[in-house]
Amino acid sequence: MPSSSQTEASRAIAKQQEPLIGNSDVEAQAKAKDKVSYSSLSNKKQLAILCIARLADPLAASSIQTYMFYQLRFFNPEASEAMISTQAGIIVGAKTAAQVCTGMLWGRLADSEYGGRKTVLMIGLICSGISCIGYGLSRTFISAVVWQVFGGAMSSNVGIVRCVVAELNPEKRYRTRALLLLPLFANAGMLLGPLVGGLLSSENGNGILKAYPYAPPNIFAAAIYALAATGVFLGLEETLEHFKHHEGSIIQRLWKKFRTSNSPSHGYTTLDHDPSEPDSPQSDVTLTNFPSPSAPKPKARLPFRRIWTWNVICTMLAHFIIAGHIATFTNLWAIFLSTPLSTSTPHPPFRFTGGLSMKPREVGFAMSTLGAIGVTLQLVIYPLLNDRYGTILIWRTALFIFPLAYLLAPFPALIASSLSPPSSPLSSLLIWLSVGFILLLFVLGRTGVTPATTLLINDCTPHPSVRGTIHTAGTVIGNLSRSLFPVIAFAIFGRGLEIGVVGLGFWCLAALGMLACVASRWVEQGENGREIVLEGEEPLVRDGEPVGGARGKDAGR
């Protein structure tokens, strides 16, 4: 039998082990608590409104892509395929070019006390809806371009939505998951848009809109913009720091202001001196209509020249290249699907031409596949990978998928022109399998890149006072590339059709995709507004050392 000393020693060891077991339980509970799901996000009402606003832009844009080839032929039945390709590039680039010209102005207005996030977003949504209706009622190429320019010049919706979502969720673990909702709904818009465009458009028109065969899908898109604008007006709260002391929606604030303006003014007046009361107060000073307490003094703002840190510049450069080749591919792919089959003899592996001769409904189905796969991957796969590997690693890895997708993109046309007849069940199956494989590659790359780019742009913000400007700058720079690259790529694509090399435009995109992989090596994940610390602010402390404080002391000068 063990001695009493051995028993006491065993009890002592067990007693020492008790807190260790307790600590492991606490750590496990803390780890479980740190896991964030979509259902655990706060401000769900605000996020729902912003998600509808984010869905509207890609829905409208992808809807147009499905019938653009046939709409341009409707404008000019005598136009050649090369001319249609060039005009398609102009229409795509017109809207984004206009956004480039006005985007920074909207961003500065969103950061200003004279505007704010909510005002700028409402203007953008309303004008985008008007632009959709005007575009749908257009009967000439020039009219279509004018309405696209109007819609682009009057909106900066994407950047403002991203900014507000980030400000509603300041904690990183919640902010990451909240920002991932935006590309999820963008994919949903890309799923619905082609279906709307393919099913509602008609080459011959019908009913009261017979003279405007491409108006119905645009009216539908305008209704989504109107729904989003109504939600913003009634339910979205302003997140700009200057307006933080105002509570409630815009209607509640107007009602409070109306009640205040109609309430009797209160102030201090002199008390009348009563001679019979020797101790009664007497004063020669009259204080009436005493002003109400002033609003809190706005915090210091980072000067515009100090926004452009090295990481901001590198992030924006990578975003410029990435946004350009992604947007160009989706538009080029839609035109490629609509281009008639080649009647010439192919000479693989490079000399072959023609497209797949798909009708708007078939193009809509093919393009909606992009959104369907994207929604699934975004909702299920990406959050798991992001939690495990981190944003920037997934981003850099996914960029290498695009060059492969672009290299293979034109080869379904070679399959279609080599099969006889191309309309047989076996030929159709092979064509759709090849199309599906290209789409799968592209969506895999886009799923890993698009949400990560949003997070990286947000986190490269050097100071919270310029978050709206940074997000708008990201939108402007992305739109600049979406203005330049499609025009160039469509011109190259048209030239490729003329010389019998339909893949020329896609292969130029592959080179651009490789350039994006190189540019991504310079980008780092930022400090989410704490890189520069202005005077009077507390610096971010990491491992006992302040982050950004030393560089930001003179930032407000």
Side-chain angles (χ1 to χ4, degrees), residues 62 65-70 73 80-82 84-85 88 190 194-195 197-198 325-326 328-374 400-446 489-490 492-514:
S62 58
Q65 291 170 3
T66 59
Y67 55 77
M68 185 183 294
F69 182 91
Y70 296 94
R73 180 158 285 176
S80 65
E81 294 167 8
I84 288 176
S85 298
M190 292 177 187
L195 296 177
H325 72 66
I326 290 178
T328 302
F329 174 79
T330 55
N331 288 284
L332 193 60
W333 181 253
I335 294 295
F336 169 71
L337 295 179
S338 302
T339 301
L341 289 169
S342 172
T343 56
S344 60
T345 303
H347 299 281
F350 302 116
R351 295 195 64 84
F352 58 93
T353 188
L356 299 181
S357 193
M358 291 185 178
K359 296 299 181 182
R361 291 192 179 188
E362 296 174 306
V363 175
F365 177 76
M367 297 299 292
S368 67
T369 306
L370 283 170
I373 300 173
F400 284 95
I401 300 176
F402 291 113
L404 177 61
Y406 300 156
L407 284 172
L408 299 177
F411 284 96
L414 177 60
I415 295 175
S417 60
S418 301
L419 297 175
S420 181
S423 58
S424 66
L426 179 60
S427 300
S428 298
L429 177 62
L430 291 176
I431 291 171
W432 277 104
L433 285 176
S434 64
V435 168
F437 180 70
I438 302 300
L439 291 177
L440 178 62
L441 283 177
F442 178 75
V443 175
L444 282 173
R446 194 180 65 184
F490 275 108
I492 295 174
F493 179 75
R495 179 58 180 164
L497 289 174
E498 292 176 347
I499 64 175
V501 185
V502 71
L504 194 60
F506 290 107
W507 296 332
C508 288
L509 281 184
L512 199 62
M514 288 304 302

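Scope of the values below: all heavy atoms of this structure, side chains included, with no hydrogens, waters or symmetry mates.
Listed by chain and residue number, E498 satisfy the salt bridge (charged side-chain N to carboxylate O under 4.0 Å, His left out) test with R495 (two or more places apart in sequence, or in another chain). Under the ring-ring contact (aromatic ring centres under 6.0 Å, His included) criterion, Y67 pairs with Y214, sequence neighbours left out. In this structure, the ring-ring contact (aromatic ring centres under 6.0 Å, His included) partners of F411, at least two apart in sequence or on a different chain, are F352.
Applying the salt bridge (charged side-chain N to carboxylate O under 4.0 Å, His left out) test to pairs two or more places apart or on separate chains, none has a residue in residues 331-348.
A 4.5 Å side-chain heavy-atom check between F402 and R446 finds at least one atom pair inside the cut-off. Side-chain contact between L429 and L433 is present, with heavy atoms from C-beta onward closer than 4.5 Å. Within the 4.5 Å cutoff, no side-chain heavy atoms of L441 are placed close to those of Y406.
Atom CG of L404 is separated from atom CE of M514 by 11.0 Å, given to the nearest 0.5 angstrom. Y70 contributes atom OH, which lies 9.5 Å from atom CD1 of I84 (distance to the nearest 0.5 angstrom). L414 CG to R351 CZ: the interatomic distance, rounded to the nearest 0.5 Å, is 13.0 Å. The distance from atom CG of L439 to atom OG1 of T330, rounded to the nearest 0.5 Å, is 11.0 Å. With values rounded to the nearest 0.5 angstrom, I431 atom CD1 is found 7.0 Å from L341 atom CG.
Pairing each heavy atom of G354 with each of F336, the nearest pair is O-CE1, 3.6 Å. Across all their heavy atoms, S434 and I415 have their closest contact at CB-CD1, 3.7 Å. In this structure, S342 and T353 approach most closely via the heavy-atom pair CB-O, 3.1 Å. The minimum heavy-atom distance between G364 and P194, with the atom names listed, is O-CB, 3.1 Å. The two residues I335 and S85 come nearest to each other via the heavy atoms CG2-OG, 4.1 Å. For the residue pair G494 and A82, the shortest heavy atom distance occurs at O-CB, 4.0 Å.
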Report, one line per pair, each donor and acceptor closer than 3.5 Å where one atom sits in a side chain of residues 499-507; sequence neighbours left out.
from	atom 1	to	atom 2	distance (Å)
W507	NE1	L407	O	3.0

Give every donor-acceptor pair under 3.5 Å between a side-chain atom in residues 356-363 and any protein atom, sequence neighbours left out.
from	atom 1	to	atom 2	distance (Å)
E362	OE1	K359	N	3.0

Inset, instruction - Please test V435 against W333 for side-chain contact (heavy atoms from CB on, under 4.5 Å), starting from the C-alpha separation and ending with a verdict. - result: CA-CA 10 Å; V435 168; W333 181 253; 3.7 Å; yes
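The aromatic rings of F490 and F493 sit perpendicular, their planes meeting at an angle over 60°, well past the 30° parallel limit. The aromatic rings of F329 and F442 sit tilted, their planes meeting at an angle between 30° and 60°.
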